[in-house]
Structure formats: structure tokens, C-alpha cells
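As C-alpha cells, the structure follows; a few thoughts come after it.
Values in this document were obtained by computation on a predicted structure and should not be read as measured data.
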Amino acid sequence: MGRLYRGATVVDPVTGEHMIQDILVEGQVIADLGVHLPTSTHEVIEVSGLHVLPGLIDPHVHLREPGQTHKETIETGTMAAAAGGFTQICCMPNTSPIVDTTELVLSIRSQADHFGYATVHPIAAITKGAKGEELTDFAALHQAGAVGFSDDGRGVQSAQMMRQALIRAKQLGVPIIVHAEDETLSGAGCMNAGAVAERLGVDGIVSSAETVMIARDVILAQETGAHVHMCHVSPKAAVEVIRTAKANGVQVTAEVTPHHLLLTDEIVERLLAQAKVNPPLRSESDRQACIRGLFDGTLDMIATDHAPHTEEEKGRGLIRGPFGFVGLELSFPLMYTAFVKSGIIPLAKLVYHMSTAPAAHFHLQGGRIAVGELADFTVVDLSQQRRVNPATFRSKGRNTPFVDSVLYGWPVLTIHQGRTVFINEVTVD
Ligand code: DOR
């Protein structure tokens, strides 16, 4: 006996089609897909009026385990993923200790599998301890399941070290995932450099701190033929560098976050540390450039950079509080409300950037609903309207600048490898 999800609008991000179909799940896979499938002995789940998307994939999440479990754990982070409609996430290695051994890669994967809320693909560190001094054992880490390499949270300051990393990553066919930050330029800044930082009397982070390293790594990727992936792109100039690099055939991909698409540094004046993130929220012209970059394909995918911190830590203020926002539970409704409900892009394009593109560029299964594929999908209620209330989050983190935003398009049911891992009782019968 299987489970038949009946009457939903199934979105295909590749063809752009939306079709009312039934989905039959048997075990972990989609066994059949079609209009009015026979119900026979199957358990029927009525999902008419709702939309079914391929499981969302987030290429950039901080799970904080091991070592910072007061901020998040593998269990709470993957529960948050499921609640946000994500069935696969890639997690960053800036835990304590840093993920630079095969034991840690294997342990994260097996813990995530044990809880079963979402598949977790670890990203291992480029350098031991993320100190920028000595490369990790890429081949062994990849063999253990690392899907890419990054020192995210810090930029690799040495061009020579980055060049060597790219050469090794190319041999394995995996991306180097770049946190672009030249520390000689970013210094002790706590927000974007500009008029708001001046008004607040705090040190700013210039855009070039990011763009200089993106330009450097594009050049190194061109020379080595490696795949370089740029994290959380924020300045206009960086979008332009990536656009030119793509036009020149460099194997570069890039992600952009909901917060860089929706907010500017103006909000820091009101929210202070609650609006502190790295790279920082930038100007309106940077924000517009990120939106254009996403729409024209310069920026390939949307990533949350889910970075949970405690209220006490964020309460230390703009200068001393940590950088970062939680994102898993809000990303889809934020993007849907801003860009699809408003009629700017079709739903299928948003789903492409939140599922199909990360699957393709990180060499993961998924990104499409089809017979024989793993049953990873998300049912969303596009008409459901809710106000953001961090007290409802599964994540331990409450740190978001989007408190009280009224959003549409909430996930109501998440299916991971055939199992129901999230259900929002409000809507599903
Ligand atoms: O805002 C951020 N928070 N940016 C990063 O690069 C790291 C992250 C974190 O780990 O908190």
C-alpha cells in the first residue's frame, strides 16, 4: 500500500509547467504521477488547492553542532529545515571544532540520518581549523561525504592557498565555496560602510572587502579550471564581476540570500544587532543589482545563510553582537511574497532557484518531481497568510530582522524520502 497525495498543483521548475496531478509514494520513492490515479488500496491524502514543489534545497546552513549546541543542534536545525520546506541542506564547517576531519563529516551525516528530518550534506573546511594555513585532506573528506569545501565565516586570505584548494577541488569535481572577505579591508566593521554607519558612529565594511576576493577567486578559477561558488553575494560590483566571468566561460556559480534581496542598511538604524549580518546589508542600488542578478541568472540560487545565535548574544549590541540571521523557516514565504505573489516572477522560477539549481551545481539528487525519484517534496499553501512570530520557530535561533512581517506561501507538509517530517495542522485536513 502506498500513499496517494491527491489533487495538488505540481510545479515543474524545469519546464515551468503547473499541472493538477496525483502523486503516489511507495516507500521512499515517487511510484507514479498523473491525473486521477486509481486510489485502489492506497491511503489518500487530500491536497487539492495546494501546490507541490520539489523539496527545497539550502546550500548554506549553520547547524552549530558540534560545540555550539546552545545556538542550534543537528536535530533542531533539521526540524527547522523541514518546517521551511527544505528536504536537503548543506551545512557549513565553522562549528567547534571546525569540520576538518572525516570523523566529523561522518558523524554529522549519521546524526542527521538518525533524526531523519532532512538530508544533511556537510561542507568541509578548506584549511585545517579554518586558520588559512594548511589544506585539509580533500580526497578523504569528499569520500566521507563532503560535497564541497569552504572556510565560511572567514575568507581564505592567501591567494596561493586558495589556488592550491581550487586545484585539488577540480581533481575531485567539487566546488570551492567562497566566503569572500578580505580582512585587511573589512577590519572591525560591524555594518555596511556608508551614511547609516556614519550616522551611528560605527566602523563600516566597504563593498570592496567582498568584491576584491570574488574578483581574485574568479581569476584563480579561470586559471585552474575549477568550479568556484560564491556565497551570499551582496555588492553590485560583485554581481558585475560574476556576470562578466560567466560570459567569459569561468565555472562560477553564486548564491544570494533573502535578506540581501529584501533589506538595506537603512534598517540597521532601527534594529541594530538584529540587522547585523556578514556580509552586511548594503545599499538600495546593491539590493537592486542582486535582484537583477538573480533574475538574469548571474546569481544561480537562493541560500539562507541560516546563522542561529542566542538572544543574549544578539543583545550585546551592534558592535559586540554576532553576525547572522536564522532563515530556514522564512525563506520560501519571504521570497514567494516578495517576488511571486507580487507578479514579478513565476513560481516555477523561484522553485528553480531554491531547489533545481542547488541540486545541479552541488551534484545532489532532487530538484524535480518525477517517477522513480526520491519522494522529497513540499506542499505549500500559497494563500495562507501569517505574521512572522519567532516564538513558533523549530530552530533554537530567534534572530531575524523579519519579525512581524506578514507573509504568504507557508509550507504545510514536508515529505522527506517518503516520510512526513513536517505538518502544519492549520491547513492540512
Ligand atoms: O552573518 C554571518 N553569520 N555570516 C557568516 O559568514 C557566518 C555566520 C555565522 O556563522 O554566524
Side-chain angles (χ1 to χ4, degrees), residues 11-14 16 53-62 81 84-92 118-123 147-150 152 174-180 210 214 217-218 221 227-235 238-239 241-243 245-246 250-262 277 279 287 289-307 325 327-328 330-336 338-340 344-368 376 378 409:
V11 178
D12 187 328
V14 179
L53 323 175
L56 304 178
I57 302 175
D58 190 341
H60 192 141
V61 171
H62 297 274
F86 291 92
T87 54
Q88 300 185 71
I89 59 178
C90 300
C91 67
M92 286 297 176
T119 302
V120 174
H121 304 285
I123 293 169
V147 293
F149 295 89
S150 182
D152 183 60
V174 293
I176 288 290
I177 298 160
V178 172
H179 172 108
E210 186 175 341
I214 287 184
D217 291 352
V218 154
H227 172 193
V228 74
H229 175 80
M230 303 304 178
C231 291
H232 39 50
V233 173
S234 65
V239 178
V241 168
I242 295 165
R243 187 178 286 119
K246 285 191 165 183
V250 180
Q251 215 196 327
V252 54
T253 54
E255 64 188 39
V256 62
T257 68
H259 45 271
H260 290 113
L261 291 167
L262 299 179
V277 69
R287 185 179 85 88
C290 287
I291 294 174
R292 271 197 308 282
L294 181 69
F295 292 174
D296 73 13
T298 302
L299 307 178
D300 302 86
M301 59 191 89
I302 293 168
T304 64
D305 193 6
H306 177 84
F325 306 151
L328 284 167
L330 300 179
S331 185
F332 184 80
L334 281 169
M335 296 290 86
Y336 172 75
F339 298 124
V340 181
I344 301 173
I345 58 170
L347 176 60
K349 179 168 168 64
L350 176 62
V351 177
Y352 174 84
H353 290 300
M354 294 187 73
S355 180
T356 317
H361 296 301
F362 282 63
H363 313 294
L364 311 176
Q365 287 187 308
R368 197 169 181 187
D376 273 10
T378 302

Using a 3.5 Å distance criterion without hydrogens, assess whether the side chain of [X] forms a donor-acceptor pair with backbone atoms of [Y].
X    : Y    : value
H306 : L328 : yes
Q88  : Q365 : yes
T378 : G85  : yes
E210 : P279 : no

- When the ring planes of H227 and H229 are compared, do they come out parallel, tilted or perpendicular, using 30° and 60° as the limits?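 Perpendicular: the ring planes of H227 and H229 meet at over 60°.
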
Side-chain heavy-atom pair [X], [Y] within 4.5 angstrom cut-off:
X    : Y    : result
P258 : L330 : no
F295 : I344 : yes
P54  : P13  : yes
L53  : L347 : yes
H361 : P59  : no
T253 : P175 : no
H260 : L299 : no
V218 : M230 : yes

As an exercise, state the distance from [atom1] of [X] to [atom2] of [Y], rounded to the nearest 0.5 Å.
X    : Y    : atom1 : atom2 : answer
T356 : I57  : OG1   : CD1   : 7.5 Å
D376 : T119 : CG    : OG1   : 6.0 Å
L350 : S331 : CG    : OG    : 8.0 Å
I302 : L294 : CD1   : CG    : 5.0 Å
H259 : L334 : NE2   : CG    : 11.0 Å
E255 : I177 : CD    : CD1   : 8.0 Å

- Query: Ion pair present between D300 and K246, side-chain N to carboxylate O less than 4.0 angstrom?
  - Reply: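 Looking at D300 and K246, the cut-off is met.
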
Which atom names give the shortest non-hydrogen contact between [X] and [Y], and what distance separates them?
X    : Y    : result
G293 : V239 : CA-CG1, 4.0 Å
L56  : G84  : CD1-O, 3.7 Å
V120 : C91  : CG1-SG, 3.6 Å
A81  : A118 : CB-CB, 4.3 Å

- Apply the test side-chain contact (heavy atoms from CB on, under 4.5 Å) to residues M335 and L261: give CA-CA distance (whole Å), side-chain angles for both, the deciding distance (0.1 Å), then the verdict. CA-CA 9 Å; M335 296 290 86; L261 291 167; 3.7 Å; yes

- Query: Yes or no on side-chain contact (heavy atoms from CB on, under 4.5 Å) for L262 and F339, after CA distance, side-chain angles and deciding distance?
  - Reply: CA-CA 10 Å; L262 299 179; F339 298 124; 4.1 Å; yes

- Task: Return each pair, listed once, that meets salt bridge (charged side-chain N to carboxylate O under 4.0 Å, His left out) where at least one residue sits in residues 349-366; pairs must be two or more places apart or across chains.
- Result: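 Found none.
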
- Item | salt bridge (charged side-chain N to carboxylate O under 4.0 Å, His left out) involving D58 - partner list, sequence neighbours excluded |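 Listed in chain order: nothing, the list is empty.
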
- Does the pair V340 and I345 meet the rule for a side-chain contact (heavy atoms from CB on, under 4.5 Å), with working shown? CA-CA 5 Å; V340 181; I345 58 170; 4.1 Å; yes

- Could you tell me whether H62 and H60 have their ring centroids closer than 6.0 angstrom?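 Judged by ring-centre distance (under 6.0 Å), H62 and H60 do meet the cut-off.
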
